[in-house]
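Everything on this sheet refers to the single structure shown next.
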There are 2 protein chains.
Amino acid sequence: MPDLTRRQQREQTRQTLLRTGRRLFATRGYAGVGLAELVQAAGVTKGALYHHFDSKAALFHAVLAQVQQEVAGRVVAAAEAEGDPWTRFTAGCEAFLAASTDPEVQRIMLVDGPAVLGWAQWRALDEANSARHLTEALVALVESGVIAPQPVAPLTRLLSGAMNEAALWLATSTRPAEDMAETVAALTRMLGALRSR
Amino acid sequence: MPDLTRRQQREQTRQTLLRTGRRLFATRGYAGVGLAELVQAAGVTKGALYHHFDSKAALFHAVLAQVQQEVAGRVVAAAEAEGDPWTRFTAGCEAFLAASTDPEVQRIMLVDGPAVLGWAQWRALDEANSARHLTEALVALVESGVIAPQPVAPLTRLLSGAMNEAALWLATSTRPAEDMAETVAALTRMLGALRSR
DNA sequence: CCCTTTCGCATACCGTCGGTATGTGAAAGT
DNA sequence: ACTTTCACATACCGACGGTATGCGAAAGGG
(Lines give C-alpha, C1' and ligand atoms only; values in the text may rest on other atoms or scores of the structure.)
Protein backbone atom coordinates (compact mmCIF):
# COMPACT_ATOMS: atom_id res chain seq x y z
CA MET A 1 0.00 0.00 0.00
CA PRO A 2 1.59 3.21 -1.16
CA ASP A 3 1.70 6.28 1.04
CA LEU A 4 0.58 8.34 -1.92
CA THR A 5 -1.17 7.24 -5.05
CA ARG A 6 0.19 8.43 -8.35
CA ARG A 7 -2.66 10.85 -8.92
CA GLN A 8 -2.15 12.37 -5.49
CA GLN A 9 1.57 12.78 -5.98
CA ARG A 10 1.05 14.28 -9.41
CA GLU A 11 -1.48 16.80 -8.18
CA GLN A 12 0.68 17.69 -5.21
CA THR A 13 3.69 18.43 -7.40
CA ARG A 14 1.56 20.49 -9.74
CA GLN A 15 0.15 22.55 -6.90
CA THR A 16 3.62 23.09 -5.48
CA LEU A 17 4.79 24.41 -8.83
CA LEU A 18 1.79 26.70 -9.07
CA ARG A 19 2.31 28.06 -5.56
CA THR A 20 6.02 28.57 -6.05
CA GLY A 21 5.53 30.15 -9.46
CA ARG A 22 2.93 32.49 -8.12
CA ARG A 23 5.11 33.59 -5.24
CA LEU A 24 8.20 34.19 -7.37
CA PHE A 25 6.43 35.73 -10.38
CA ALA A 26 4.62 38.08 -8.03
CA THR A 27 7.70 39.25 -6.19
CA ARG A 28 10.30 39.48 -8.93
CA GLY A 29 8.33 39.39 -12.16
CA TYR A 30 8.10 36.84 -14.93
CA ALA A 31 11.36 37.77 -16.60
CA GLY A 32 13.18 38.11 -13.31
CA VAL A 33 12.85 34.52 -12.18
CA GLY A 34 14.67 31.65 -13.90
CA LEU A 35 13.36 28.14 -14.15
CA ALA A 36 16.36 26.72 -12.35
CA GLU A 37 15.64 28.88 -9.33
CA LEU A 38 11.92 28.19 -9.52
CA VAL A 39 12.22 24.42 -9.52
CA GLN A 40 14.80 24.54 -6.74
CA ALA A 41 12.45 26.62 -4.60
CA ALA A 42 9.68 24.13 -5.36
CA GLY A 43 11.93 21.22 -4.41
CA VAL A 44 11.68 19.52 -7.78
CA THR A 45 13.58 19.63 -11.08
CA LYS A 46 13.02 21.01 -14.53
CA GLY A 47 11.93 17.55 -15.62
CA ALA A 48 8.95 17.80 -13.27
CA LEU A 49 8.05 21.27 -14.50
CA TYR A 50 8.08 20.30 -18.16
CA HIS A 51 6.12 17.16 -17.31
CA HIS A 52 3.28 19.36 -16.07
CA PHE A 53 3.58 22.45 -18.25
CA ASP A 54 4.57 22.94 -21.86
CA SER A 55 6.68 26.01 -21.20
CA LYS A 56 7.49 28.73 -18.71
CA ALA A 57 4.72 30.81 -20.26
CA ALA A 58 2.27 27.92 -19.80
CA LEU A 59 3.06 27.82 -16.08
CA PHE A 60 2.53 31.56 -15.91
CA HIS A 61 -0.75 31.14 -17.75
CA ALA A 62 -1.96 28.64 -15.16
CA VAL A 63 -0.86 30.93 -12.31
CA LEU A 64 -2.60 33.90 -13.88
CA ALA A 65 -5.83 31.96 -14.33
CA GLN A 66 -5.73 30.98 -10.66
CA VAL A 67 -5.16 34.56 -9.53
CA GLN A 68 -7.96 35.86 -11.72
CA GLN A 69 -10.38 33.27 -10.43
CA GLU A 70 -9.60 34.27 -6.88
CA VAL A 71 -10.19 37.94 -7.61
CA ALA A 72 -13.38 37.13 -9.49
CA GLY A 73 -14.53 35.04 -6.55
CA ARG A 74 -14.13 37.95 -4.18
CA VAL A 75 -15.93 40.28 -6.55
CA VAL A 76 -18.85 37.91 -7.07
CA ALA A 77 -19.14 37.30 -3.34
CA ALA A 78 -19.30 41.03 -2.65
CA ALA A 79 -21.86 41.56 -5.39
CA GLU A 80 -24.10 38.68 -4.34
CA ALA A 81 -24.28 40.06 -0.83
CA GLU A 82 -26.27 43.01 -2.18
CA GLY A 83 -29.81 43.16 -3.40
CA ASP A 84 -30.58 45.56 -6.21
CA PRO A 85 -28.56 45.65 -9.44
CA TRP A 86 -27.05 49.08 -8.86
CA THR A 87 -25.72 48.29 -5.39
CA ARG A 88 -24.45 44.90 -6.54
CA PHE A 89 -22.62 46.68 -9.30
CA THR A 90 -20.91 49.30 -7.15
CA ALA A 91 -20.09 46.75 -4.48
CA GLY A 92 -18.46 44.55 -7.10
CA CYS A 93 -16.39 47.44 -8.41
CA GLU A 94 -15.17 48.34 -4.95
CA ALA A 95 -14.35 44.71 -4.20
CA PHE A 96 -12.37 44.49 -7.42
CA LEU A 97 -10.37 47.58 -6.51
CA ALA A 98 -9.68 46.21 -3.05
CA ALA A 99 -8.64 42.78 -4.30
CA SER A 100 -6.49 44.14 -7.12
CA THR A 101 -4.56 46.42 -4.82
CA ASP A 102 -2.63 43.41 -3.57
CA PRO A 103 0.86 43.77 -5.11
CA GLU A 104 1.04 40.03 -5.69
CA VAL A 105 -2.08 40.18 -7.79
CA GLN A 106 -0.99 43.28 -9.66
CA ARG A 107 2.30 42.18 -11.10
CA ILE A 108 0.92 38.89 -12.37
CA MET A 109 -2.54 39.99 -13.47
CA LEU A 110 -2.04 43.56 -14.62
CA VAL A 111 1.61 44.12 -15.49
CA ASP A 112 3.21 40.90 -16.72
CA GLY A 113 0.03 39.20 -17.93
CA PRO A 114 -0.51 41.11 -21.16
CA ALA A 115 3.19 41.21 -22.04
CA VAL A 116 3.87 37.51 -21.42
CA LEU A 117 0.75 36.03 -23.00
CA GLY A 118 0.07 38.79 -25.49
CA TRP A 119 -2.83 41.15 -25.10
CA ALA A 120 -5.30 38.98 -27.03
CA GLN A 121 -4.76 35.91 -24.86
CA TRP A 122 -4.70 37.98 -21.69
CA ARG A 123 -7.92 39.62 -22.74
CA ALA A 124 -9.50 36.21 -23.35
CA LEU A 125 -8.57 35.10 -19.84
CA ASP A 126 -9.77 38.36 -18.36
CA GLU A 127 -13.04 38.07 -20.25
CA ALA A 128 -13.61 34.50 -19.09
CA ASN A 129 -12.91 35.19 -15.43
CA SER A 130 -13.35 38.84 -14.61
CA ALA A 131 -14.80 41.09 -17.30
CA ARG A 132 -17.60 38.59 -17.88
CA HIS A 133 -19.14 39.52 -14.55
CA LEU A 134 -18.76 43.19 -15.37
CA THR A 135 -20.58 42.73 -18.65
CA GLU A 136 -23.34 40.74 -16.96
CA ALA A 137 -23.75 43.42 -14.33
CA LEU A 138 -24.00 46.15 -16.97
CA VAL A 139 -26.52 44.13 -18.96
CA ALA A 140 -28.57 43.65 -15.79
CA LEU A 141 -28.47 47.40 -15.19
CA VAL A 142 -29.70 48.13 -18.68
CA GLU A 143 -32.42 45.48 -18.57
CA SER A 144 -33.67 46.61 -15.20
CA GLY A 145 -33.87 50.15 -16.51
CA VAL A 146 -31.35 51.57 -14.06
CA ILE A 147 -29.10 52.91 -16.78
CA ALA A 148 -30.08 54.02 -20.23
CA PRO A 149 -29.94 51.47 -23.07
CA GLN A 150 -26.53 51.65 -24.74
CA PRO A 151 -23.82 49.35 -26.10
CA VAL A 152 -22.23 47.58 -23.14
CA ALA A 153 -19.09 46.36 -24.88
CA PRO A 154 -17.27 49.72 -24.96
CA LEU A 155 -18.52 50.47 -21.45
CA THR A 156 -17.03 47.21 -20.20
CA ARG A 157 -13.62 48.00 -21.67
CA LEU A 158 -13.63 51.56 -20.37
CA LEU A 159 -14.58 50.52 -16.85
CA SER A 160 -12.28 47.52 -16.82
CA GLY A 161 -9.32 49.62 -17.89
CA ALA A 162 -10.21 52.38 -15.48
CA MET A 163 -10.33 50.01 -12.52
CA ASN A 164 -7.17 48.16 -13.50
CA GLU A 165 -5.17 51.38 -13.71
CA ALA A 166 -6.77 52.75 -10.57
CA ALA A 167 -5.79 49.61 -8.68
CA LEU A 168 -2.17 49.98 -9.79
CA TRP A 169 -2.20 53.58 -8.72
CA LEU A 170 -3.80 52.86 -5.37
CA ALA A 171 -1.12 50.33 -4.56
CA THR A 172 1.53 53.07 -4.65
CA SER A 173 -0.52 55.56 -2.72
CA THR A 174 0.86 57.10 0.43
CA ARG A 175 -2.66 57.62 1.74
CA PRO A 176 -4.46 54.51 0.56
CA ALA A 177 -7.68 54.96 2.48
CA GLU A 178 -8.34 58.49 1.24
CA ASP A 179 -7.29 57.73 -2.33
CA MET A 180 -9.45 54.62 -2.38
CA ALA A 181 -12.42 56.62 -1.14
CA GLU A 182 -11.85 59.38 -3.69
CA THR A 183 -11.42 56.85 -6.50
CA VAL A 184 -14.62 55.03 -5.64
CA ALA A 185 -16.39 58.39 -5.40
CA ALA A 186 -15.17 59.50 -8.83
CA LEU A 187 -16.03 56.12 -10.31
CA THR A 188 -19.51 56.18 -8.83
CA ARG A 189 -20.05 59.71 -10.07
CA MET A 190 -19.05 58.74 -13.58
CA LEU A 191 -21.27 55.68 -13.47
CA GLY A 192 -24.10 57.80 -12.22
CA ALA A 193 -24.04 59.64 -15.52
CA LEU A 194 -25.29 56.50 -17.18
CA ARG A 195 -28.40 56.33 -15.03
CA SER A 196 -31.76 56.87 -16.58
CA ARG A 197 -33.34 60.17 -15.78
CA MET B 1 37.51 67.33 -44.48
CA PRO B 2 35.52 64.36 -43.29
CA ASP B 3 32.31 63.38 -44.97
CA LEU B 4 30.72 63.15 -41.55
CA THR B 5 31.83 64.66 -38.29
CA ARG B 6 31.95 62.43 -35.27
CA ARG B 7 28.90 64.01 -33.73
CA GLN B 8 26.94 63.51 -36.92
CA GLN B 9 27.98 59.89 -37.25
CA ARG B 10 27.17 59.25 -33.62
CA GLU B 11 23.73 60.75 -33.84
CA GLN B 12 23.00 58.91 -37.07
CA THR B 13 23.89 55.55 -35.54
CA ARG B 14 21.79 56.31 -32.50
CA GLN B 15 18.78 57.23 -34.59
CA THR B 16 19.19 54.08 -36.67
CA LEU B 17 19.16 51.98 -33.52
CA LEU B 18 16.08 53.78 -32.26
CA ARG B 19 14.24 53.34 -35.55
CA THR B 20 15.18 49.67 -35.85
CA GLY B 21 14.34 48.97 -32.23
CA ARG B 22 11.00 50.65 -32.55
CA ARG B 23 10.12 48.68 -35.67
CA LEU B 24 11.13 45.31 -34.24
CA PHE B 25 9.80 45.84 -30.72
CA ALA B 26 6.49 46.94 -32.19
CA THR B 27 6.10 43.97 -34.50
CA ARG B 28 7.41 41.10 -32.42
CA GLY B 29 7.52 42.42 -28.88
CA TYR B 30 10.40 43.19 -26.53
CA ALA B 31 11.08 39.60 -25.53
CA GLY B 32 10.66 38.34 -29.07
CA VAL B 33 13.57 40.20 -30.62
CA GLY B 34 17.18 39.43 -29.82
CA LEU B 35 19.97 41.95 -29.80
CA ALA B 36 21.91 40.04 -32.46
CA GLU B 37 19.01 40.33 -34.85
CA LEU B 38 18.38 43.94 -33.92
CA VAL B 39 21.91 45.13 -34.55
CA GLN B 40 22.09 43.18 -37.80
CA ALA B 41 18.88 44.83 -39.01
CA ALA B 42 20.35 48.18 -38.02
CA GLY B 43 23.58 47.44 -39.87
CA VAL B 44 25.79 47.80 -36.82
CA THR B 45 27.11 45.51 -34.07
CA LYS B 46 26.42 44.96 -30.41
CA GLY B 47 29.42 47.13 -29.62
CA ALA B 48 27.63 50.10 -31.17
CA LEU B 49 24.43 49.38 -29.27
CA TYR B 50 26.14 49.17 -25.91
CA HIS B 51 28.11 52.29 -26.73
CA HIS B 52 24.84 54.21 -26.96
CA PHE B 53 22.63 52.39 -24.46
CA ASP B 54 23.34 50.73 -21.16
CA SER B 55 21.15 47.72 -21.82
CA LYS B 56 18.40 46.31 -24.00
CA ALA B 57 15.90 47.78 -21.57
CA ALA B 58 17.55 51.20 -21.88
CA LEU B 59 17.10 51.10 -25.65
CA PHE B 60 13.46 50.16 -25.12
CA HIS B 61 13.10 53.02 -22.68
CA ALA B 62 14.37 55.48 -25.28
CA VAL B 63 12.04 54.03 -27.91
CA LEU B 64 9.08 54.21 -25.56
CA ALA B 65 9.81 57.82 -24.67
CA GLN B 66 9.91 58.69 -28.36
CA VAL B 67 6.60 56.95 -29.04
CA GLN B 68 4.94 58.66 -26.09
CA GLN B 69 6.16 62.06 -27.18
CA GLU B 70 4.70 61.52 -30.63
CA VAL B 71 1.34 60.51 -29.22
CA ALA B 72 1.39 63.43 -26.80
CA GLY B 73 2.21 65.74 -29.68
CA ARG B 74 -0.83 64.60 -31.60
CA VAL B 75 -3.04 64.96 -28.54
CA VAL B 76 -1.79 68.46 -27.76
CA ALA B 77 -2.19 69.53 -31.37
CA ALA B 78 -5.78 68.33 -31.44
CA ALA B 79 -6.54 70.03 -28.13
CA GLU B 80 -4.95 73.35 -29.07
CA ALA B 81 -7.08 73.51 -32.19
CA GLU B 82 -10.12 73.97 -29.97
CA GLY B 83 -11.23 76.94 -27.98
CA ASP B 84 -13.04 76.30 -24.72
CA PRO B 85 -11.65 73.91 -22.07
CA TRP B 86 -14.37 71.31 -22.43
CA THR B 87 -14.00 70.93 -26.19
CA ARG B 88 -10.22 70.93 -25.90
CA PHE B 89 -10.57 68.13 -23.39
CA THR B 90 -12.84 65.89 -25.45
CA ALA B 91 -10.85 66.56 -28.60
CA GLY B 92 -7.68 65.53 -26.79
CA CYS B 93 -9.28 62.31 -25.56
CA GLU B 94 -10.47 61.40 -29.02
CA ALA B 95 -7.06 62.18 -30.50
CA PHE B 96 -5.42 59.96 -27.89
CA LEU B 97 -7.74 57.09 -28.74
CA ALA B 98 -7.05 57.53 -32.44
CA ALA B 99 -3.29 57.73 -32.00
CA SER B 100 -3.12 54.81 -29.57
CA THR B 101 -5.04 52.52 -31.87
CA ASP B 102 -1.93 52.13 -33.98
CA PRO B 103 -0.68 48.59 -33.24
CA GLU B 104 2.92 49.79 -33.31
CA VAL B 105 2.17 52.24 -30.55
CA GLN B 106 0.16 49.76 -28.53
CA ARG B 107 2.63 46.98 -28.07
CA ILE B 108 5.44 49.32 -27.05
CA MET B 109 3.49 51.85 -25.02
CA LEU B 110 0.67 49.83 -23.49
CA VAL B 111 1.63 46.16 -23.40
CA ASP B 112 5.40 45.79 -23.07
CA GLY B 113 6.10 49.14 -21.46
CA PRO B 114 4.90 48.39 -17.92
CA ALA B 115 6.33 44.86 -17.92
CA VAL B 116 9.78 45.79 -19.24
CA LEU B 117 10.39 48.94 -17.23
CA GLY B 118 8.22 48.09 -14.24
CA TRP B 119 4.97 49.87 -13.60
CA ALA B 120 6.52 52.65 -11.52
CA GLN B 121 9.01 53.70 -14.19
CA TRP B 122 6.43 53.33 -16.95
CA ARG B 123 4.06 55.45 -14.94
CA ALA B 124 6.73 58.12 -14.51
CA LEU B 125 7.27 58.25 -18.27
CA ASP B 126 3.54 58.31 -18.91
CA GLU B 127 3.11 61.08 -16.38
CA ALA B 128 5.88 63.18 -17.92
CA ASN B 129 4.66 62.83 -21.50
CA SER B 130 1.01 61.94 -21.61
CA ALA B 131 -0.93 61.97 -18.36
CA ARG B 132 0.49 65.38 -17.54
CA HIS B 133 -1.64 66.94 -20.24
CA LEU B 134 -4.66 65.05 -18.99
CA THR B 135 -4.12 66.38 -15.49
CA GLU B 136 -3.66 69.91 -16.80
CA ALA B 137 -6.85 69.66 -18.82
CA LEU B 138 -8.80 68.43 -15.79
CA VAL B 139 -7.40 71.19 -13.61
CA ALA B 140 -8.40 73.73 -16.27
CA LEU B 141 -11.90 72.27 -16.30
CA VAL B 142 -12.19 72.59 -12.54
CA GLU B 143 -10.76 76.10 -12.44
CA SER B 144 -13.01 77.31 -15.22
CA GLY B 145 -15.98 75.91 -13.38
CA VAL B 146 -16.94 73.45 -16.09
CA ILE B 147 -16.75 70.48 -13.77
CA ALA B 148 -17.31 70.41 -10.06
CA PRO B 149 -14.29 70.82 -7.74
CA GLN B 150 -12.89 67.40 -6.90
CA PRO B 151 -9.55 65.62 -6.56
CA VAL B 152 -8.06 65.32 -10.05
CA ALA B 153 -5.46 62.66 -9.28
CA PRO B 154 -7.87 59.69 -9.09
CA LEU B 155 -9.78 61.07 -12.07
CA THR B 156 -6.60 61.19 -14.11
CA ARG B 157 -5.79 57.55 -13.36
CA LEU B 158 -9.32 56.38 -14.06
CA LEU B 159 -9.52 58.18 -17.38
CA SER B 160 -6.00 57.26 -18.40
CA GLY B 161 -6.62 53.59 -17.73
CA ALA B 162 -9.99 53.69 -19.42
CA MET B 163 -8.56 55.17 -22.59
CA ASN B 164 -5.55 52.87 -22.66
CA GLU B 165 -7.73 49.79 -22.43
CA ALA B 166 -10.26 51.18 -24.87
CA ALA B 167 -7.48 51.79 -27.39
CA LEU B 168 -6.30 48.20 -27.09
CA TRP B 169 -9.84 46.99 -27.57
CA LEU B 170 -10.50 49.24 -30.52
CA ALA B 171 -7.45 47.92 -32.29
CA THR B 172 -8.98 44.44 -32.41
CA SER B 173 -12.42 45.63 -33.40
CA THR B 174 -14.07 44.27 -36.51
CA ARG B 175 -16.05 47.46 -36.89
CA PRO B 176 -13.58 50.14 -35.81
CA ALA B 177 -15.57 53.20 -36.86
CA GLU B 178 -18.71 52.22 -34.98
CA ASP B 179 -16.85 51.01 -31.89
CA MET B 180 -14.77 54.17 -31.84
CA ALA B 181 -17.90 56.29 -32.03
CA GLU B 182 -19.61 54.31 -29.28
CA THR B 183 -16.53 54.47 -27.07
CA VAL B 184 -16.20 58.21 -27.45
CA ALA B 185 -19.91 58.53 -26.76
CA ALA B 186 -19.71 56.48 -23.57
CA LEU B 187 -16.59 58.34 -22.48
CA THR B 188 -18.21 61.71 -23.10
CA ARG B 189 -21.33 60.65 -21.23
CA MET B 190 -19.29 59.58 -18.23
CA LEU B 191 -17.30 62.79 -18.32
CA GLY B 192 -20.52 64.71 -18.54
CA ALA B 193 -21.40 63.46 -15.10
CA LEU B 194 -18.60 65.55 -13.71
CA ARG B 195 -20.00 68.77 -15.11
CA SER B 196 -21.34 71.37 -12.77
CA ARG B 197 -25.10 71.63 -12.73
C1' DC C 1 2.84 -13.08 -6.50
C1' DC C 2 5.48 -12.06 -10.30
C1' DC C 3 6.04 -9.90 -14.44
C1' DT C 4 5.16 -6.08 -17.53
C1' DT C 5 3.80 -1.60 -18.50
C1' DT C 6 3.08 2.94 -17.30
C1' DC C 7 4.43 7.33 -15.89
C1' DG C 8 6.07 10.92 -12.82
C1' DC C 9 10.16 12.77 -12.48
C1' DA C 10 15.58 13.32 -12.43
C1' DT C 11 19.87 13.99 -15.11
C1' DA C 12 22.63 15.66 -18.68
C1' DC C 13 22.96 18.37 -22.37
C1' DC C 14 22.11 22.03 -26.21
C1' DG C 15 21.50 26.50 -28.72
C1' DT C 16 20.70 31.13 -27.81
C1' DC C 17 20.42 35.05 -25.19
C1' DG C 18 21.94 39.58 -22.84
C1' DG C 19 26.08 41.48 -21.42
C1' DT C 20 31.28 42.48 -21.21
C1' DA C 21 36.28 42.98 -22.04
C1' DT C 22 39.31 44.18 -25.34
C1' DG C 23 41.01 45.66 -29.80
C1' DT C 24 41.21 49.18 -33.74
C1' DG C 25 41.24 52.74 -36.88
C1' DA C 26 39.85 57.14 -38.08
C1' DA C 27 38.68 61.80 -36.52
C1' DA C 28 39.91 65.48 -33.31
C1' DG C 29 42.98 68.07 -30.67
C1' DT C 30 47.76 70.34 -30.18
C1' DA D 1 53.26 65.41 -37.16
C1' DC D 2 52.14 63.46 -33.16
C1' DT D 3 49.02 62.20 -29.47
C1' DT D 4 44.63 61.52 -27.71
C1' DT D 5 39.98 60.54 -28.07
C1' DC D 6 36.17 57.92 -29.22
C1' DA D 7 32.79 55.44 -32.03
C1' DC D 8 32.54 51.51 -32.96
C1' DA D 9 33.87 45.99 -34.15
C1' DT D 10 35.35 41.41 -32.43
C1' DA D 11 35.56 37.69 -29.37
C1' DC D 12 33.98 35.76 -25.56
C1' DC D 13 31.23 34.48 -21.13
C1' DG D 14 27.69 32.81 -17.83
C1' DA D 15 22.91 32.01 -17.63
C1' DC D 16 18.74 31.07 -19.62
C1' DG D 17 14.65 28.28 -21.66
C1' DG D 18 14.05 24.00 -23.64
C1' DT D 19 14.88 18.87 -24.88
C1' DA D 20 16.35 13.97 -25.07
C1' DT D 21 17.07 10.27 -22.37
C1' DG D 22 17.30 7.38 -18.20
C1' DC D 23 15.25 5.47 -14.02
C1' DG D 24 12.57 3.65 -10.33
C1' DA D 25 8.36 2.99 -8.16
C1' DA D 26 3.38 2.48 -8.70
C1' DA D 27 -0.35 0.44 -11.48
C1' DG D 28 -2.25 -3.34 -14.12
C1' DG D 29 -2.60 -8.29 -15.81
C1' DG D 30 -1.93 -13.43 -15.43
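Here the structure is a predicted model, which means the values were calculated and not measured. Each chain gets a letter, A, B and so on, in the order the sequences are listed, and its residues count up from 1.
Straight-line distance from the CG atom of B/L17 to the C1' atom of D/dA9: 14 Å, rounded to whole Å. What separates NE2 of B/H52 from C1' of D/dA9 is a distance of 13 Å, to the nearest Å. When the P atom of D/dA7 is taken as reference, atom CG of B/L49 falls 15 Å away, rounded to whole Å. The nearest whole Å value for the distance from the CD atom in B/Q9 to the C1' atom in D/dC8 is 9 Å. A straight line from CZ of B/R10 to P of C/dA28 spans 14 Å, rounded to a whole angstrom. Separating the CD atom of B/Q8 from the P atom of D/dC6 is a distance of 17 Å, rounded to the nearest angstrom. Atom CG in B/L38 sits roughly 15 Å away from atom C1' in C/dG19 (whole-Å rounding).
Salt-bridge check for A/R189 with A/E182: failed, with every basic side-chain N at 4.0 Å or more from each acidic carboxylate O.
The two residues A/R107 and A/G29 make their nearest non-hydrogen contact at NE-CA, 3.4 Å. Summarising the geometry of A/T183 relative to B/P154, their closest heavy-atom pair is OG1-CB, 3.6 Å, with the distance given to 0.1 Å.
Both B/V184 and A/I147 are part of a single hydrophobic cluster, where members link through side-chain heavy atoms under 4.5 Å apart.
With 3.5 Å as the limit, one finds a donor-acceptor pair spanning the side chains of B/E11 and B/Q15.
In this structure, CZ in B/R23 is found 5.5 Å from OG1 in B/T20, a value given to the nearest 0.5 Å.
Within the structure, every side-chain polar atom (N or O) of B/T5 is placed at least 4.0 Å from both OP1 and OP2 of C/dA27. At the phosphate of C/dA10, neither OP1 nor OP2 sits under 4.0 Å from any side-chain N or O atom of A/H51.
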Seminar exercise, completed: Under a 4.0 Å heavy-atom criterion, the protein footprint on nucleotides 14-24 of chain D, written with B, S and -, is ---BBB-----
